[in-house]
Each structure stands twice: as structure tokens, then as C-alpha cells.
Number of protein chains: 2
Amino acid sequence: MSQGNTAVTDPEIHAVACPVREVIDRVGGKWSVQIILAVMRGPVRFTALERRIDGISRRMLTLTLRNLERDGLVVRTVYPTVPPRVDYRATDLARELHDPLEGLAEWARRNRGSIAAARAAYDAGSGSSAIAS
Amino acid sequence: MSQGNTAVTDPEIHAVACPVREVIDRVGGKWSVQIILAVMRGPVRFTALERRIDGISRRMLTLTLRNLERDGLVVRTVYPTVPPRVDYRATDLARELHDPLEGLAEWARRNRGSIAAARAAYDAGSGSSAIAS
DNA sequence: CGGGATCCAAAAGGATACTG
DNA sequence: CAGTATCCTTTTGGATCCCG
């Protein structure tokens, strides 16, 4: 009787995977995390961000900031002066993201070695797939 | 004298952002998290995964599994029978990722509403940017 | 059954010139 | 100063078809 399900994906998987994808959809961009962290340390001006984040282009900085603003992670404030002046700051929503992100970061730091080893093994051998008897 | 730095990116930002990107580079794919979670519940065969994950193509299932295997998150076992039989299981490395991922998921579930509201506001107005006097 | 090989569409990202 | 507009390259993902 447990059949007749429209959603094929396992519900228990869905319950975790779906929210996780929601987060990744917002902070998964190449520059998103760096920008969030930079902005979390206080109001930052556009040019300051551009200089603080090595390698980012004007285009990607603007685009990423707009997306973060749209998702309520960043607030953009325009000062009507000349020359124009704009600053960006993190919202509480963004600040609450810090600890979860730090959790991920810890995992990465702890296991950087294991991952590199796994890669080396995989790339060396023809893929390390076990052959069962 | 604090100049002459080659790495322009703020070191304190780098220390968190870089590890986070390492994680995202491995689980940021469209299907990675779903596959990790599915495989964490015990050995699963290729076809079972394909049926359990709604909408995935053969190609992406294979590709994502290969990448996860390469990074040491999944173990692939081949049984030399006919017809061929293969199963996948999660490694400890992958299991240690569960809690950090759950942390992200909680954030997403708690703030789903705020994000939707922020988006609605942004999309409604011409961008909600504050104008300072 | 469990893929690999191929081809194609869409999205992400980069370089850079121009502007209020 | 803080972008926008434009053009281009790279990456990602999807649709098959084929094969041992």
C-alpha cells in the first residue's frame, strides 16, 4: 500500500538534499562566500571589495552582490554624493550563515589530506574500484 | 611596511572561504548531495540510484558517482557476474559530512520564508537599495 | 545491467570599453 | 566611483545511441 507515489525521489533524502541545494544555489557561486565574509566585517565600498578579493572582475562582483542583495543576505546603501558612494553590509540572515559555513570549512580542513590521497590513488590506478569475488 | 603582499585577498577571509569552496567544489553539483545521501543508507546499485533519484540522467549519475569516488566519498564495488552488478557505498569521509550538511539544511529551513520575502521585495521594487541622506 | 561516447543547449564566468 | 553593456570562453547538464 505504500505505492502510488508521484515524487520518485526518496522523501528522507529529499528532506535534507532539497534545503541543502537551496543554500548552495545562493552561496555556490565562485565568489559568493568571499563576498559574504568580506561584507560581514562591516560596511564595505564597491572598490574596496574589488581590491580585497583577488581576481574578481567588476562584472562578477556586481552580479554576485545583486544576487546576494536579492536573497536578503546583503544590504546596499547608496549615498547621493558626487562622486557616487555605495556601501554593502551583511544582514542578520547572512550572519547566521557563518557557523554552518564554518562547519563545512572544518570538514574541509580536517580532510584535505584524505581527499588529496584519494584523488592521487584514483588518478594513479585505473580508478580504485574494488572487485568483489 | 605591511605592504608588498602578493595574496591580495584578505587572509582571514581566505581562511574560511577557501575551505568552503573546496567542499562546494565536490558537493556543489546538481546531484551530488542527493547521491551522497542515498548512498549513505547502505550499498545501492546503479539502477536503484537511477530510480531513487527523480530526473537524473544516466550520464549525470555516472559522472557524479565517478567524481565522488575520485574524491574518496564513495566506494564502487564490481561483482564479476553476468549480467554485471555494481554497488556504491558511502565512505566515512562522506558520513562525516552529514552533520555539516544538516547545519546548512537547518539554516535553509529556518530562513526559507525570509529569503522568499526578500526576493519578492527586491523583484517588486526596483531593487530595495536604501538611499542614505 | 552498467555504463562509455557523442552531440547539443544552457548557464556561469572573464575581459574590457563606456558612462552618469 | 560604481557600475552597465557587450562579447567571448568555459563549464555544466541533458539526450540519445551504442556496447560488453
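Residue numbering restarts at 1 for every chain, and letters A, B, ... go by the order of the sequence lines.
Spacing between atom CD1 of B:Ile56 and atom P of D:dT12 amounts to 15 Å, rounded to whole angstrom units. For B:Arg85 and C:dG2, the CZ to C1' distance is 13 Å, given to the nearest whole Å. The CG-P distance, from B:Asn67 to C:dG3, rounds to 14 Å in whole Å. Per the geometry, CD belonging to B:Glu50 stands 14 Å off P belonging to D:dT16, to the nearest Å. For A:Tyr79 and D:dG3, the OH to P distance is 13 Å, given to the nearest whole Å. Rounding to whole angstrom units, CZ of residue A:Arg45 and P of D:dA2 are separated by 4 Å. Between the P atom of C:dG2 and the CE atom of B:Met60 lies a distance of 19 Å, rounded to the nearest Å. For the pair B:Leu68 CG and C:dG3 C1', the interatomic distance rounds to 16 Å; values are reported in whole Å.
Checking side-chain atoms of A:Asp10 against main-chain N and O of A:Glu12 turns up a donor-acceptor pair under 3.5 Å. The closest donor-acceptor contact from the side chain of A:Arg26 to the backbone of A:Glu22 lies under 3.5 Å. In this structure, B:Arg112 contributes its side chain and B:Trp107 its backbone to no donor-acceptor pair below 3.5 Å. No donor-acceptor pair closer than 3.5 Å links the side chain of B:Thr9 to the backbone N or O of B:His14.
For DNA chain D, the neighbouring residues in residues 24-34 of chain B, judged by any heavy atom under 4.0 Å, are B:Gly29, B:Lys30, B:Trp31.
One can find a donor-acceptor pair under 3.5 Å joining the base of C:dG13 and the side-chain atoms of A:Arg59.
One finds no side-chain N or O of B:Arg76 lying less than 4.0 angstrom from the OP1 or OP2 phosphate oxygen of C:dG2. Look at B:Tyr88 and you'll find a side-chain N or O under 4.0 angstrom from OP1 or OP2 of C:dG3. Between D:dA2 and A:Thr47, a contact under 4.0 Å exists linking OP1 or OP2 to a side-chain N or O. Under 4.0 angstrom from either OP1 or OP2 of C:dC18 there lies no side-chain N or O belonging to A:Arg58.
The only member of B:Ile53, B:Leu61, B:Leu63, B:Leu49 that meets side chain to side chain contact (heavy atoms under 4.5 Å, CB included) when paired with B:Trp31 is B:Ile53.
Distance check: A:Lys30 NZ to B:Ile24 CD1 gives 13.5 Å after rounding to the nearest 0.5 Å. Taken from CD in B:Gln34 to CZ in B:Arg52, the straight-line distance is 12.0 Å, to the nearest 0.5 Å.
If you find the closest nucleotide of DNA chain C to B:Phe46 and to A:Gly55, the one lying nearer the 5' end belongs to B:Phe46.
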